[in-house]
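Remember, it's a predicted structure, so these values are computed and weren't measured experimentally.
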Amino acid sequence: MPEAIHSKSPQPRVRFAPSPTGFLHVGSARTFIFNWLYARHNGGAMILRLDDTDVERNTQASVDSIFEGLKWLSLGWDKPGWDEEYKQSERIELHRKTAWTIFEKGLAYRDFTPAHTGDSEKSGAQGTWLFNPGARELSREESDRRAAAGELFALRFRVPREETMWGQPPSAVRFAEGKLSVHFKDAVYGEQIKAAADIEDFALLRSDGMPTYHLASCADDADLRISHIIRGQDHLTNTFKHVLIFEAAGFTPPQFAHLPLLVAPDGTKLSKRRHGPVVSVTTYRDAGFLPDAFINFLCLLGWSPKNDRENMSLKELTDAFSLEGINRSNAVVNFKESAISTNVVIPALSAAQGRACPELAEGNLLFYPEETFDPKALWLNAEHIRGLPVEELSARLLPIVRGAGFSVDAEKMLRITPLIRERIKLLRDVLTAADFFFVDQLPPYDPAELIPQKGDAAMAVKVLARAREVLASVEFKHDPLDQALRAAAQELGVKAGQMFQPIRVAVCGRKNAPPLFETLEVLGRETTLARIGQATQLNIT
RNA sequence: GUCCCCGUCGUCUAGCCUGGCCUAGGACAUCGCCCUUUCACGGCGGUAACACGGGUUCAAAUCCCGUCGGGGACGCCA
């Protein structure tokens with residue numbers, strides 16, 4: 001895609017800047033989606049940048065996981081290119097340059113105080129700390145001398161403490177009623193004001209010379225000419241610091257839009273550590289969510305088109321999206337807390353199928369029960385599944401069926417698909433909804449299931465015997481089957497339902513299944529007769 | 001602790017800015033009925049919310065103040 005954006009251009013440039021310290025979770029995914037939607041709706045550009053300045057915690061596995069998640073979403077991005085990203089770790093010189101520019105203006109200073117040893121780490125309740133005593137007042141000469149002598153220091157931002165500090169204060173810094181304050185306007189949360197006395201002298205460079213997140217982020221956003229920063233609300237208070245950095249470095253701060261947080265049912269924000277794979281994007285993928293359904297679901301958390309529309313395509317979402325539709329209160333992703341710990345029960349699936357699935361039986365695959373997912377996400381996914389053309393749905397189902405160890409050809413799958421389309425919420429449900437189409441031998445079932453409603457064992461035997469005769473000669477097409485079986489029911493003096501039930505159980509191995517005639521049609525005469533034959537051998541009581 | 005943000009059915013939300021049309025609308029979930037060869041889909045209906053307390057006003061979910069509750073940020077992490 002050609003670089004056609006000028007700095008004065010009205011076209012927005014947004015970015016998604018995850019830090020690779022874990023898998024991509026649903027909260028980050030939503031941030032990505034909102035940025036993408038904003039860019040697409042306004043004909044702007046979307047940039048991907050890895051904020052990887054934390055060498056301690058970054059892992060390649062995280063990078064891979066993030067890409068895996070984004071790839072599944074299939075939305076893509078514009079810069080630096082598809083499957084490419086900016087890496088903060090490769091732009092450190094730019095960050096340093098920005099820091100020293102601020103320093104030269106006298107808006108940052110060297111702090112030679114040794115780094116915190118980490119004893120008061122957990123408390124997080126320092127509250128009133130603003131700067132280390134003595135560090136701020138150090139003369140430039142003294143500062144230069146100690147630095148030249150090789151003393152370690154952190155570079156700190158000199159947050160304005162008195163009116164005269166900034167010679168010509170930018171509009172973001174105001175003085176009123178004896179108090180200095182920092183201002184910015186958030187597209188979602190409105191006018192934001194914070195007293196400078198409540199902002200500590202945060203670090204720009206660490207004593208090892210590495211930039212901090214605040215510095216790197218702002219320097220990059222300015223350099224990449226980001227016009228709108230759309231991110232989680234957990235950054236709302238940090239934004240005052242960012243505004244200060246932008247102004248001190250001589251940049252115009254971009255527009256900000258903070259998103260309400262996605263929280264767990266207990267109200268706390270989603271955490272990779274606490275909630276684990278339950279909040280991972282790949283978990284949704286593996287369970288059989290359609291990317292567009294997942295996107296649709298996430299969009300509805302914290303944003304509304306305000307017209308009661310819920311089931312929306314990507315195109316509709318793009319057309320409808322606007323920052324004005326974002327609300328301010330946190331949204332709960334309604335998974336069951338119990339799902340967090342019940343994620344290693346794959347044998348249950350095989351058992352339900354009554355068949356050993358080579359891969360699954362190993363017990364290595366994780367299985368997430370339905371409660372892992374928000375009911376609304378499940379419903380939306382089912383809606384999207386029903387909205388898919390049969391060919392496409394079938395093509396998506398095929399690899400799942402094969403992956404579970406069954407062999408089906410595409411043609412048969414295409415005939416099965418319409419029969420289960422309205423009966424599955426997740427793509428993986430194909431394994432439990434259509435299993436009897438795939439196996440040669442039906443798993444054992446309770447013979448009592450063969451007994452029809454308001455009937456007895458004798459009726460089941462009678463029905464099965466007659467069905468066998470009828471099905472031996474009738475054409476295996478919906479209408480002829482329908483007529484023949486109904487006629488047989490009448491002959492036997494049983495209700496249609498009482499006729500169909502034993503047959504259904506005999507061929508499907510259970511009571512709940514797709515419509516009978518369509519099922520028989522796909523199964524074919526041979527399999528049908530074999531299964532009914534087997535049923536008649538059972539001891540029905 | 002300090003600062004910031006938020007508070008409408010169980011959940012996601014509309015309404016709030018520009019008070020009256022709100023005896024608060026929709027969706028999911030849940031319950032019941034209908035359709036029906038089972039299940040599902042679909043249709044119809046039910047239960048269910050303006051956190052609380054004061055103001056302002058003829059009139060407040062909507063405006064103001066307070067209380068309580070929840071969340072977030074306060075690091076040489078991001």
Report task. Go through C74(B), A27(B), U37(B) for me and flag the one nearest to the Glu310(A) side chain. Result -> A27(B)

Query - Sugar-phosphate, base or nothing in reach of Asn307(A), heavy atoms under 4.0 Å - result: nothing

Query raised in the report: Picking from U38(B), C28(B), C12(B), which would you name as closest to the side chain of Pro375(A)?
Result: C28(B)

Requested in this report: Give a yes/no on whether any side-chain N or O of Lys306(A) is located under 4.0 angstrom from OP1 or OP2 of G15(B).
Outcome: yes

Query raised in the report: Lys511(A) near the nucleic acid: base, sugar-phosphate alone, or nothing, with a heavy-atom cut-off under 4.0 Å?
Result: base

Query raised in the report: Counting side-chain heavy atoms from CB outward, which of C76(B), A27(B), G72(B) is closest to Asp234(A)?
Result: G72(B)

Requested in this report: Considering just the side-chain nitrogens and oxygens of Asn311(A), establish if one lies under 4.0 Å of OP1 or OP2 belonging to A27(B).
Outcome: no

Requested in this report: Report which part of the nucleic acid Ala331(A) touches: base, sugar-phosphate, or nothing (heavy-atom distance under 4.0 Å, all strands).
Outcome: sugar-phosphate

Requested in this report: Ignoring the backbone of Ser304(A), work out which of G75(B), A14(B), C41(B) is nearest its side chain.
Outcome: A14(B)

Query raised in the report: Contact class for His235(A) (heavy atom, under 4.0 Å): base, sugar-phosphate, or nothing?
Result: base

Query raised in the report: Picking from U11(B), U13(B), C77(B), which would you name as closest to the side chain of Val332(A)?
Result: U11(B)

Query raised in the report: Quick one: which of C76(B), U11(B), U38(B) gets closest to the side chain of Arg504(A)?
Result: U38(B)

Could you list all N or O pairs between the protein and nucleotides 3-7 of chain B that sit under 3.5 Å apart?
{"residue": "C3(B)", "atom": "O2'", "partner": "Lys194(A)", "partner atom": "NZ", "Å": "3.0"}
{"residue": "C5(B)", "atom": "O2'", "partner": "Gln233(A)", "partner atom": "NE2", "Å": "3.1"}

Query raised in the report: Looking at the side chain of Leu261(A), which of C28(B), G72(B), G42(B) is the nearest nucleotide?
Result: G72(B)

Query raised in the report: Distance between the P atoms of A24(B) and A49(B), in whole angstroms?
Result: 10 Å

Query - Nucleotide nearest Ser207(A) (side chain, heavy atoms from C-beta), chosen from C76(B), U37(B), C12(B) - result: C76(B)

Query raised in the report: C1' atom, G26(B) versus U37(B): distance in rounded Å?
Result: 35 Å

Query - Near-strand residues of residues 480-498 of chain A, defined as heavy-atom separation under 4.0 angstrom from RNA chain B - result: Arg486(A), Gly497(A)

Query raised in the report: Expressed in whole Å, how much space separates the P atoms belonging to A59(B) and G19(B)?
Result: 15 Å

Query raised in the report: For C76(B), does OP1 or OP2 lie under 4.0 Å from any side-chain N or O of Arg156(A)?
Result: yes

Requested in this report: Taking atom C1' in both A61(B) and C16(B), compute the distance separating them and give it to the nearest angstrom.
Outcome: 7 Å

Query raised in the report: Looking across every strand, which nucleic acid part, if any, lies under 4.0 Å from Ser217(A) by heavy atom: base, sugar-phosphate, or nothing?
Result: nothing

Requested in this report: Scan for side-chain hydrogen bond (donor to acceptor under 3.5 Å, both in side chains) pairs involving residues 89-99 of chain A, sequence neighbours excluded, and state none if there are none.
Outcome: Asp52(A)-Ser89(A), Arg91(A)-Asp220(A), Arg91(A)-Asp223(A), Glu93(A)-Arg96(A), His95(A)-Asp220(A)

Query raised in the report: For Glu383(A), which contact category applies under a 4.0 Å heavy-atom criterion: base, sugar-phosphate, or nothing?
Result: sugar-phosphate

Query raised in the report: Side chain of Ala154(A): nearest nucleotide among A27(B), C76(B), G72(B)?
Result: C76(B)

Requested in this report: Quick one: look up who C74(B) pairs with, Watson-Crick or G-U, both distances under 3.5 Å, and put none if it's unpaired.
Outcome: G1(B)

